[in-house]
There are 2 protein chains.
Amino acid sequence: MDRAQSILRENGLKATKGRLEVLKLFIGAGRPIAQKEIMAMARLKLDRASVYRVLNAFLEAGIIHKAYMDGRHAVFELPDSCGEDHCHPHFSCRGCGATTCLKGMKVYSEGSPGKGFTMERQKVLIEGLCPRCSS
Amino acid sequence: MDRAQSILRENGLKATKGRLEVLKLFIGAGRPIAQKEIMAMARLKLDRASVYRVLNAFLEAGIIHKAYMDGRHAVFELPDSCGEDHCHPHFSCRGCGATTCLKGMKVYSEGSPGKGFTMERQKVLIEGLCPRCSS
DNA sequence: TTATCAATTGCAACATAGTTGCGTTTATGA
DNA sequence: TCATAAACGCAACTATGTTGCAATTGATAA
Ligand SMILES: [Mn+2]
Ligand SMILES: [Mn+2]
Ligand SMILES: [Zn+2]
Ligand SMILES: [Zn+2]
């Protein structure tokens, strides 16, 4: 039984063709991907609605999380270099739109959100210009 | 000449009724608002497309910025307690969906994104439960 | 292995955010 | 006041994501 299969098993999700395909794409990609990319990269034809349902199932199980919003669409990834309560930062290029995981950066917060707030996860997005677009 | 008018003047934007109305809403709100809210709060009838054009003009001029994405729609605010290169963090409640500006919190990032990256702005979103939804 | 049955899929219709073309209106400055 | 470029209203369009329903399929038990 391969890695994708056991992840689904562990999370009580039926190992359907579509789910295996999508999960393998995430494992292979090693970077955040969007629904559109998933459709494009998939070898077997997947229905748009089904891909969204797979993504939502993975989200609910915590297999993936929403890394950030790229304009109007969400981009997902496997948690990697992420703690329980924070994710690694992402860099979004204003020039070409490309996004980079900043797994080497750490983020510290000072002060508290206020009495009564329960913080569950912190997401950091840094905007700017990537090396190609800076020059 | 009131504040809204002079802001538009300073940024070389014609002081149209719609722009004045929207800008005054931002000034009065003191919190991030979305296009839908703007339409609802406005006294004079505004066209949807025109509101988006006003928002885009304000964005381009730097009068407002996109605070965060609330699900599928963008939420905008006047820069407040924001430096040149970073914005104050926002808290988004998983329970009720409400969002709070965390103007008292500071977030520092350690390490660099990598050679060649030009960082322009840092955005932080903290997810969790607000005081009402925590109890 | 085969039968069963709830979970999942594909399709189509829908919902919602945001953009764009075009003809009309309006703010500005001469 | 007038001329003009910018902005607006409207309607049509694009794109992301969701949902109802009938057909399919994966897990489990016989
Ligand atoms: Mn990442
Ligand atoms: Mn804010
Ligand atoms: Zn770039
Ligand atoms: Zn809440």
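No experiment lies behind these values; they were computed from the predicted model shown. Convention: sequence-line order gives letters A, B, ...; per-chain numbering from 1.
- Looking at every heavy atom in both residues, His88(A) comes nearest to Leu102(A) through CB-O, 3.9 Å.
- Residue contacts shown for Arg19(A) are limited to sugar-phosphate atoms, with no base heavy atom under 4.0 Å away.
- Contacts between residues 49-73 of chain B and DNA chain C, defined by a heavy-atom separation below 4.0 Å, involve Ala49(B), Tyr52(B), Arg53(B), Asn56(B), Arg72(B), His73(B), listed by number.
- Separation of atoms SG (Cys82(B)) and CD (Gln122(B)) is listed at 11.0 Å; rounding is to 0.5 Å.
- One interatomic measurement links the two molecules: CG of Asp47(B) to C1' of dG18(C), which rounds to 12 Å at whole-angstrom precision.
- Using five terminal pairs a side, the axes of the helix from dT1(C)-dA30(D) to dA30(C)-dT1(D) at its two ends make an angle of 40°, given in steps of 10 degrees.
- Ion pairing between a basic and an acidic side chain is recognised when a charged N comes within 4.0 Å of a carboxylate O; Glu120(A) and Arg94(B) show such pairing.
- We find that CG of Leu44(B) is positioned 13 Å from C1' of dG9(D), with the value rounded to whole Å.
- Side-chain N or O atoms of Arg19(B) include one that pairs as donor or acceptor with a backbone N or O of Lys14(B) at under 3.5 Å.
- Along DNA chain C, the nucleotide nearest Lys17(B) and the nucleotide nearest Gln35(B) are compared for position; the residue whose nucleotide lies closer to the 5' end is Gln35(B).
- Two residues, Lys36(B) and Leu46(A), neighbour DNA chain C, and the one matched to the more 5' nucleotide by heavy-atom proximity is Leu46(A).
- Look at CD on Glu37(B): it is 16 Å from C1' on dT16(C), rounded to the nearest Å.
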Restricting to nitrogen or oxygen on both sides, can you table the protein-nucleotides 27-30 of chain D pairs closer than 3.5 Å?
residue : atom : partner  : partner atom : Å
dA27(D) : OP1  : Ala15(A) : N            : 2.9

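- Asp2(B) and Lys24(B) are joined by a salt bridge, as a carboxylate oxygen and a charged side-chain nitrogen come within less than 4.0 angstrom of each other.
- Formation of a donor-acceptor pair under 3.5 Å by the Ser134(B) side chain with backbone atoms of Cys130(B) is found in this model.
- At most 12 non-hydrogen atoms from other residues, nucleotides or ligands lie less than 6.0 angstrom from NZ of Lys36(A).
- A donor-acceptor contact under 3.5 Å is formed by the side chain of Arg48(B) with the base of dG18(C).
- The CD1 atom of Ile38(A) lies 4.0 Å from the CZ atom of Phe26(A); values are rounded to the nearest 0.5 Å.
- Ring planes of Tyr68(A) and His90(A): tilted class, angle from 30 to 60°.
- Between Glu21(A) and Arg43(A) there is no salt bridge, since no side-chain N of the basic residue sits under 4.0 Å from a carboxylate O of the acidic one.
- The CE-P distance, from Met39(B) to dC8(D), rounds to 13 Å in whole Å.
- When the C1' atom of dT9(C) is taken as reference, atom CG of Leu20(A) falls 14 Å away, rounded to whole Å.
- Here Ile7(B) contributes atom CD1 and Ile64(B) contributes atom CD1; the two are 11.5 Å apart, rounded to the nearest 0.5 Å.
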